Participant: 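Before I ask anything, here is the structure I am working with.
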2 protein chains.
Amino acid sequence: MGTTGQLSAVPEPKYWHLRTVLLKAIDTEFSTGQVLPNERELSARFGVARATLRQALDQLELEGRLVRRRGIGTLIAAPRVGVPVNRQEEGWPGAARSQAWRTVDCTTAPASAALAKGLGIAEGATVHTVRRVRLVEGRAMATESLHVPAAALPHLPGFRAESDRARSVLRQLERLEVDGESRAVELGVAEAEEAALLERPPGSPVLVMTTQYAAAGRLVALAVSTYRADTCKLTFGETGLVEVTPVGAAEGVRTAS
Amino acid sequence: MGTTGQLSAVPEPKYWHLRTVLLKAIDTEFSTGQVLPNERELSARFGVARATLRQALDQLELEGRLVRRRGIGTLIAAPRVGVPVNRQEEGWPGAARSQAWRTVDCTTAPASAALAKGLGIAEGATVHTVRRVRLVEGRAMATESLHVPAAALPHLPGFRAESDRARSVLRQLERLEVDGESRAVELGVAEAEEAALLERPPGSPVLVMTTQYAAAGRLVALAVSTYRADTCKLTFGETGLVEVTPVGAAEGVRTAS
DNA sequence: GAGTGGTCTAGACCACCGG
DNA sequence: CGGTGGTCTAGACCACTCC
């Protein structure tokens with residue numbers, strides 16, 4: 001990486017120009033896992049205040065190009081992991097290759113107004129909520145709150161220990177024939193508990209995915225999942241006919257073209 | 001909104017606590033379009049430096065709760081717009097209700113390495129690229145670069161004016177029978193040109209969606225779309241059987257539960 | 001011109017990590 | 001312990017919008 005980096009006059013902010021310079025350096029002179037010079041060193045080298053440098057690093061971290069670790073340094077991030085989110089492969093409890101989820105807890109409570117609306121049931125109706133963490137290669141990638149109206153699980157056995165109840169709910173869901181799902185994805189930030197489960201500080205960006213599952217013409221579950229935006233790329237597989245080359249082969253198309 | 005807001009001792013950073021306080025105020029005391037007191041006023045009221053207050057506002061803006069306009073003030077944001085992204089309804093050129101796209105330009109050039117890989121063709125092969133902007137309610141919500149190998153469009157007429165060529169490419173695509181698509185969504189930031197098309201400053205967060213379209217067992221197009229993360233919520237409709245209550249009815253489930 | 005958010009500075013102290 | 005990133009401060013000036 002060059003010594004100065006020639007901050008141009010100024011139609012564009014310094015931090016943005018810095019980001020560009022650093023990005024090029026990352027692409028050409030560093031590789032995954034390497035540590036950058038520390039912030040005080042970098043800010044001196046580029047002749048800017050540390051806060052300004054940090055603004056540039058913030059951008060690059062948001063883009064998933066850098067990882068900053070307190071007490072360690074700033075590292076070049078690994079490319080984002082493609083995380084499949086279709087029901088068949090991974091999303092639905094107990095399906096094929098899923099030891100990928102770890103159940104955190106399970107509660108049973110009356111539905112809040114918002115939750116009732118999302119599930120299309122009456123406010124105050126009993127709802128089971130299973131919280132799970134999705135693991136990819138052993139690392140926590142997402143949290144999920146799976147809300148299921150008690151009415152949708154007629155055969156659920158009576159009270160049990162919490163972990164048993166979670167298992168029961170999940171097992172019951174497996175048996176339902178889900179014939180439709182509707183998803184939405186938006187940007188959010190991790191709140192305290194989520195952040196802890198994801199091993200990230202509060203305020204970290206997440207991709208919030210909301211999924212409504214339908215069976216026999218009725219909604220039977222509402223899942224709210226928060227995926228770490230720094231390390232995850234959500235991939236939506238095709239139920240269709242052709243096996244398409246996995247997305248991710250497209251790495252770098254956006255900027256390189 | 002209270003006058004002080006009682007910043008607690010400190011296991012949690014001030015800016016994060018501030019965010020919480022402001023979030024509650026937004027939910028209870030303000031409504032869409034209202035302007036907050038200015039930053040100097042707010043920072044004084046909460047007894048913090050302006051930079052600290054801004055850190056809290058940054059978070060809320062990332063969450064899509066605030067919009068800041070230079071020279072105007074900080075406003076309460078409208079809820080995010082649900083933007084459908086399935087091929088049938090909106091994504092594919094010329095489909096049903098689409099006057100929703102505005103073509104920006106159309107270029108024909110050899111494929112870069114990354115692009116060739118994404119399309120499964122040889123590097124340097126000729127590719128048509130149509131850039132478009134997606135409009136929702138008249139506002140620019142996304143940009144798209146649609147890359148199509150020339151080889152996939154055998155009947156494309158010879159050279160023409162750029163706007164005509166764009167039209168031709170899109171029309172040819174309509175005629176192909178697409179039988180598969182593979183999507184990925186991740187977080188990114190808007191670069192200069194994108195940012196301009198989206199009427200946002202560079203560095204604004206975007207949801208980057210990469211879509212591979214297949215027809216007759218081969219990839220025929222690669223689309224890279226960048227959606228404004230502040231105002232968009234991507235919704236994935238079901239090709240399935242049941243008409244599911246639109247996601248968005250689930251508003252507020254995540255925090256309220 | 002007055003008022004807004006956007007950028008930038010130069011410093012300070014803290015929390016965490018490793019040897 | 002020294003070194004790292006994380007937070008916070010108090011100020012300055014700029015770019016923009018509206019009157």
Side-chain angles (χ1 to χ4, degrees), chain A residues 5 7-20 22 33-62 66-77 189-190 195-196 199-205 230, chain B residues 5 7-20 22 33-62 65-77 189-190 195 199-205 230:
Chain A
L7 286 314
S8 80
V10 281
E12 88 185 342
K14 282 188 188 177
Y15 78 88
W16 186 254
H17 183 250
L18 254 184
R19 168 199 167 270
T20 307
L22 289 170
Q34 266 192 292
V35 317
L36 254 53
N38 72 55
E39 298 182 351
R40 290 160 179 91
E41 154 95 27
L42 281 177
S43 55
R45 192 184 299 191
F46 288 105
V48 300
R50 190 176 156 221
T52 303
L53 173 77
R54 279 181 61 79
Q55 228 177 322
L57 296 182
D58 286 344
Q59 289 281 343
L60 292 167
E61 194 177 27
L62 199 65
L66 294 179
V67 179
R68 291 193 275 187
R69 296 213 197 124
R70 190 192 287 228
I72 306 290
T74 301
L75 325 183
I76 311 298
V189 305
E199 300 162 10
R200 296 253 63 202
S204 304
D230 57 344
Chain B
L7 286 314
S8 80
V10 283
E12 87 187 342
K14 282 188 187 176
Y15 79 87
W16 185 255
H17 184 249
L18 254 184
R19 168 199 167 271
T20 308
L22 288 169
Q34 265 191 294
V35 316
L36 253 54
N38 72 57
E39 297 182 351
R40 290 160 180 90
E41 155 94 28
L42 282 177
S43 56
R45 194 184 296 191
F46 288 104
V48 301
R50 192 178 153 216
T52 304
L53 173 77
R54 279 181 62 79
Q55 226 178 324
L57 296 182
D58 286 344
Q59 289 280 347
L60 292 166
E61 194 177 26
L62 199 66
R65 305 302 304 265
L66 295 179
V67 179
R68 291 192 276 187
R69 297 214 196 122
R70 195 195 289 234
I72 305 290
T74 301
L75 325 183
I76 310 298
V189 305
E199 301 163 9
R200 296 253 64 201
S204 304
D230 57 344

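What you see is a predicted model; the values in this text were computed from it and never measured. Lettering of chains follows the sequences in order, A, B, ..., and the numbering in each one begins at 1.
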Participant: Within this structure, what is the CZ-to-C1' distance between B:Arg200 and C:dG6, rounded to whole angstrom?
Facilitator: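 Rounded to the whole Å, the gap is 13 Å.
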Participant: Starting at atom CD of A:Glu12, determine the distance to atom P of C:dG6, rounded to an integer number of angstrom.
Facilitator: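 Interatomic distance, CD of A:Glu12 to P of C:dG6: 18 Å.
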Participant: For B:Arg40 and B:Ala51, find the nucleotide of DNA chain C closest to each by heavy atoms; which residue's nucleotide sits nearer the 5' end?
Facilitator: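 Its nearest nucleotide being more 5', the pick is B:Arg40.
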Participant: Return the value, rounded to whole Å, for the distance between atom CG of A:Leu57 and atom P of C:dC8.
Facilitator: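 Rounded to whole Å, this separation is 14 Å.
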Participant: Just how far, in rounded Å, is P of C:dT9 from CZ of A:Phe46?
Facilitator: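 Distance check: A:Phe46 CZ to C:dT9 P gives 13 Å.
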Participant: Send over the distance from B:Gln59 CD to D:dT7 C1', rounded to a whole Å.
Facilitator: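 Rounded to whole Å, this separation is 13 Å.
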Participant: List, with names and distances, any nitrogen or oxygen atoms from the protein found under 3.5 Å away from nitrogen or oxygen atoms belonging to nucleotides 16-18 of chain D.
Facilitator:
none

Participant: Distance check: side-chain N/O of B:Arg50 vs OP1/OP2 of D:dA10, anything under 4.0 Å?
Facilitator: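 Negative; the distance criterion is not met.
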Participant: Of all residues at least two apart in sequence or in a different chain, which pass the side chain to side chain donor-acceptor pair (under 3.5 Å) check with A:Asp58?
Facilitator: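 If we apply the side chain to side chain donor-acceptor pair (under 3.5 Å) test to A:Asp58, skipping adjacent residues, the hits are A:Arg68.
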Participant: What residues form a side-chain contact (heavy atoms from CB on, under 4.5 Å) with A:Ser43, not counting sequence neighbours?
Facilitator: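 Scan of A:Ser43 (side-chain contact (heavy atoms from CB on, under 4.5 Å), adjacent residues dropped) gives A:Val48, A:Arg50, A:Leu53.
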Participant: For a quick test of reading the model: is some side-chain N or O of A:Thr74 closer than 4.0 Å to OP1 or OP2 of D:dG5?
Facilitator: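 A:Thr74 to D:dG5 OP1/OP2: side-chain N or O found under 4.0 Å.
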Participant: State which residues pass side-chain contact (heavy atoms from CB on, under 4.5 Å) with B:Val189; sequence neighbours excluded, sorted by chain then number.
Facilitator: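 Expected list: A:Trp16, A:Arg19, A:Gln59, A:Leu62, A:Glu63.
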Participant: Provide, to the nearest angstrom, the distance between the CG atom belonging to A:Leu53 and the P atom belonging to D:dG6.
Facilitator: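 A:Leu53 atom CG is separated from D:dG6 atom P by 11 Å.
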Participant: Do the side chains of B:Leu75 and B:Gln34 get nearer than 4.5 Å, heavy atoms only?
Facilitator: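 The answer is no, as the side chains (C-beta and beyond) never meet within the 4.5 Å cut-off.
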Participant: Just to verify, what does A:Glu199 make a side chain to side chain donor-acceptor pair (under 3.5 Å) with, not counting sequence neighbours?
Facilitator: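 Not a single residue meets the side chain to side chain donor-acceptor pair (under 3.5 Å) criterion with A:Glu199.
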Participant: Of the nucleotides D:dC8, D:dG6, C:dA10, which one has an atom closest to the side chain of B:Pro13?
Facilitator: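 Comparing D:dC8, D:dG6, C:dA10 against the side chain of B:Pro13, the answer is D:dC8.
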Participant: Is the phosphate of D:dT9 approached by B:Thr52 (side-chain N or O, under 4.0 Å from OP1 or OP2)?
Facilitator: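 It does, given that an N or O in the side chain of B:Thr52 lies less than 4.0 Å from OP1 or OP2 of D:dT9.
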Participant: Would you kindly give the NZ-to-C1' distance between B:Lys14 and D:dG6, to the nearest whole Å?
Facilitator: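 It is 14 Å, rounded to the nearest whole Å.
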Participant: Is the shortest side-chain N/O distance from A:Asn38 to OP1 or OP2 of D:dT4 below 4.0 Å?
Facilitator: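 True: A:Asn38 side-chain N/O within range (under 4.0 Å) of D:dT4 OP1/OP2.
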Participant: Going by heavy atoms in the side chains, are A:Arg45 and A:Pro37 under 4.5 Å from each other?
Facilitator: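 They are in side-chain contact.
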Participant: For A:Arg54, report the nucleic acid contact type (base, sugar-phosphate, nothing); a contact means any heavy atom under 4.0 Å.
Facilitator: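 Base: the residue A:Arg54, judged by heavy atoms under 4.0 Å, touches a nucleobase.
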Participant: Once you round it to whole Å, what is the distance between C1' of D:dT9 and CG of B:Leu42?
Facilitator: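 In whole Å, D:dT9 C1' and B:Leu42 CG are 17 Å from each other.
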Participant: State whether B:Tyr15 places a side-chain N or O below 4.0 Å from either non-bridging phosphate oxygen (OP1 or OP2) of D:dC8.
Facilitator: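 Result: no.
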Participant: Among residues at least two apart in sequence or on other chains, which ones pass side-chain contact (heavy atoms from CB on, under 4.5 Å) with B:Ala77?
Facilitator: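 So B:Ala77 forms a side-chain contact (heavy atoms from CB on, under 4.5 Å) with B:Val67.
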